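Reckoned from all heavy atoms, side chains included, excluding hydrogens, waters and symmetry mates. What you see is a predicted model, and the numbers here were worked out from it, not measured in a lab.
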Amino acid sequence: MARFVVLLTFICSSTLYGQIFTDITATAGLTGFSGSTVSFVDFNNDGWQDINAGAQLWLNEGDGTFRAMENPGLPGNCVWADINNDGFQDAFCYSGPGYLFLNQNGKSLLNISDKMPDTPTKVSLGATMGDFNGDGLVDIYVGGYENPGYLHDAMYFNNGDTTFKEVWRTTGTTMPARGITTADYDEDGDLDIYVSNYRLVANTLWQNDGKGVFAQVERAKKVDGDGDLGAWGHTIGSSFGDFDNDGHLDLFVGNFSHPPAYQDRPKFLKNLGPDKAFSFQDLTGQAGLAWQESFASPTLGDYDNDGLLDVYFTTVYPGDHCVLYRNVGGFKFKDVTSESGISADLTYQAAWADVDNDGDLDLTTRGRLYQNNSPRQNFLKLKLTGSRELGTNAVGAVARLTIGNQTLTRQITTSTGQGNANSQVLHFGLGTHDSNVNIEIAWPGNFKQTIEVSPNKLHVIRQPSPTP
């Protein structure tokens, strides 16, 4: 699909602009920054993105530096959402049996793991959060990985008093989950779940009926993989995002794959929308991604603010290298790693956020923070919050911004790739478009709201209260 006519073409050339990204780990005070998986979260609601990396919690001071919280008590990286609707993001850490922490007004974390029932997972590499049954409370889905007798995924519903109950788990012993992520891919107002399964096992797409009852639809929607090649892939992490600006959330599947080519390679899957029952079409062949054996965890973000989602993709074998691919439109991507200034390998860590609030996305990977130096283009940021009556979380909300024949789509999710999470502040690149735009927000439950907003600033939007 054609790029915006209003967008300035961004030429990735080190001779014209210098490095796109600069490693600011040291100057930001991130001494000892963990290279484990990472989640961006505004822990203390001060408008600056903080960083949960492994067991660490780094607080953004708003002056270009970060301060490590002393003894946060986290056992490892977490997914973050407000479980008790007090306006602060709480943490579920999926390592081991699973741990739950209540945010104490942005000052400390209270371990309330006894509020969780024993998990059937024991070993987990990923989890996600969202209101899966439509009651205004955030629930938890956790994946199980490679522990004999405990190879189950499980769903926990929120009881409303900071306790949780297990409502179902997967059966059998053949679903080794790694990354877990969500999207309302079928645009019916509820969160569906995509599970990246390892060990040549087909991936899982759980379709939600809005009440927390899920059906397996991966084969029908053509997102399970290419089993007909001889084996499915070793999928490590996947990410939803609208690559072609048609208003529908597409899917990038991050497959680790050995030679020869009988296993799934990484997949670019286009969402065909309502006319095709939201099934997906494999457009990998035209995307231009060069194969590496140990591809691992992807993350999506419009780093150059041209309105198109780009792909950063990690690797985990010596000799392979993480890559940044710029979206040039029409499901085609260009490798810009060499001029990006990003140098990383042997990592699962990858996530985007605007840590310095300058309007472009910065990147964390392999224990480093990279500041974005892209040439100035217009942008728009949205922080969405739910109503008090419907729950303060807006996880699962989708915002669509239309310019000409292009519809930019962004969603709020708590997880991407394997064990990572981008900022929940929605980011739109606008290129040279500098006038007001209309945005349609599809709130959880499929209540839709249209607002007009101005560019080059952050807009905080609260979900309207239901009519009495």
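- Note on D306 versus R326: salt bridge recorded, some NZ/NE/NH1/NH2 to OD/OE distance being below 4.0 Å.
- One N or O on the side chain of T365 and one on the backbone of Q349 form a donor-acceptor pair closer than 3.5 Å.
- No side-chain donor-acceptor contact under 3.5 Å links D139 and N158.
- Between D50 atom CG and N52 atom CG the span is 10.0 Å, to the nearest 0.5 Å.
- Using a 4.5 Å heavy-atom cutoff, the side chains of V355 and Q371 are not in contact.
- Between K221 and D186 there is no salt bridge, since none of the side-chain N atoms of the basic residue sits less than 4.0 Å from a carboxylate O of the acidic one.
- Contact check for L324 versus V311: no side-chain heavy atoms found under the 4.5 Å cut-off.
- Put simply, the side chain of I180 reaches to within 4.5 Å of the side chain of V195, judged on heavy atoms.
- Of the candidates F240, F313, Y312, F313 is the only one forming a ring pair (Phe, Tyr, Trp, His ring centres under 6.0 Å) with F252.
- Only one option out of T181, T416, T414 pairs with T128 in a side chain to side chain contact (heavy atoms under 4.5 Å, CB included); it is T414.
- Here the straight-line distance linking atom CG of D242 with atom CD of Q411 works out to 10.5 Å at 0.5 Å rounding.
- Using a 4.5 Å heavy-atom cutoff, the side chains of L382 and I439 are in contact.
- Between Y348 and L125 there is no side-chain heavy-atom pair separated by less than 4.5 Å.
- Side-chain contact between D42 and K383 is present, with heavy atoms from C-beta onward closer than 4.5 Å.
- Note on ring orientation: taking the six-membered ring where Trp is involved, the planes of Y303 and W352 are parallel (angle under 30°, cut-offs 30° and 60°).
- Rounded to the nearest 0.5 Å, atoms SG (C78) and OH (Y94) are 7.5 Å apart.
- Atoms OH and CH2, on Y194 and W206 in that order, are 13.0 Å from each other to the nearest 0.5 Å.
- When the shell of 6.0 Å around CD of E70 is examined, it contains 12 or fewer heavy atoms from other residues, nucleotides or ligands.
- Remark: aromatic rings of F268 and F243 are close, center separation under 6.0 Å.
- Distance check: K270 NZ to L249 CG gives 11.5 Å after rounding to the nearest 0.5 Å.
- Using a 4.5 Å heavy-atom cutoff, the side chains of F295 and N255 are not in contact.
- When the options I193, L191, L205 are evaluated for a side chain to side chain contact (heavy atoms under 4.5 Å, CB included) with Y185, the one that passes is L205.
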With side chain to side chain contact (heavy atoms under 4.5 Å, CB included) as the criterion, how do D302 and F379 come out once you've worked through the C-alpha distance, each side chain's angles and the decisive distance to 0.1 Å? CA-CA 10 Å; D302 178 8; F379 69 92; over 6 Å; no

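- Two residues are said to be in side-chain contact when any heavy atoms from C-beta on lie closer than 4.5 Å; H427 and N422 fail this criterion.
- Separating the CG atom in L109 from the CG atom in N71 is a distance of 11.5 Å, to the nearest 0.5 Å.
- Donor-acceptor pairing under 3.5 Å is lacking for the side chains of K115 and N159.
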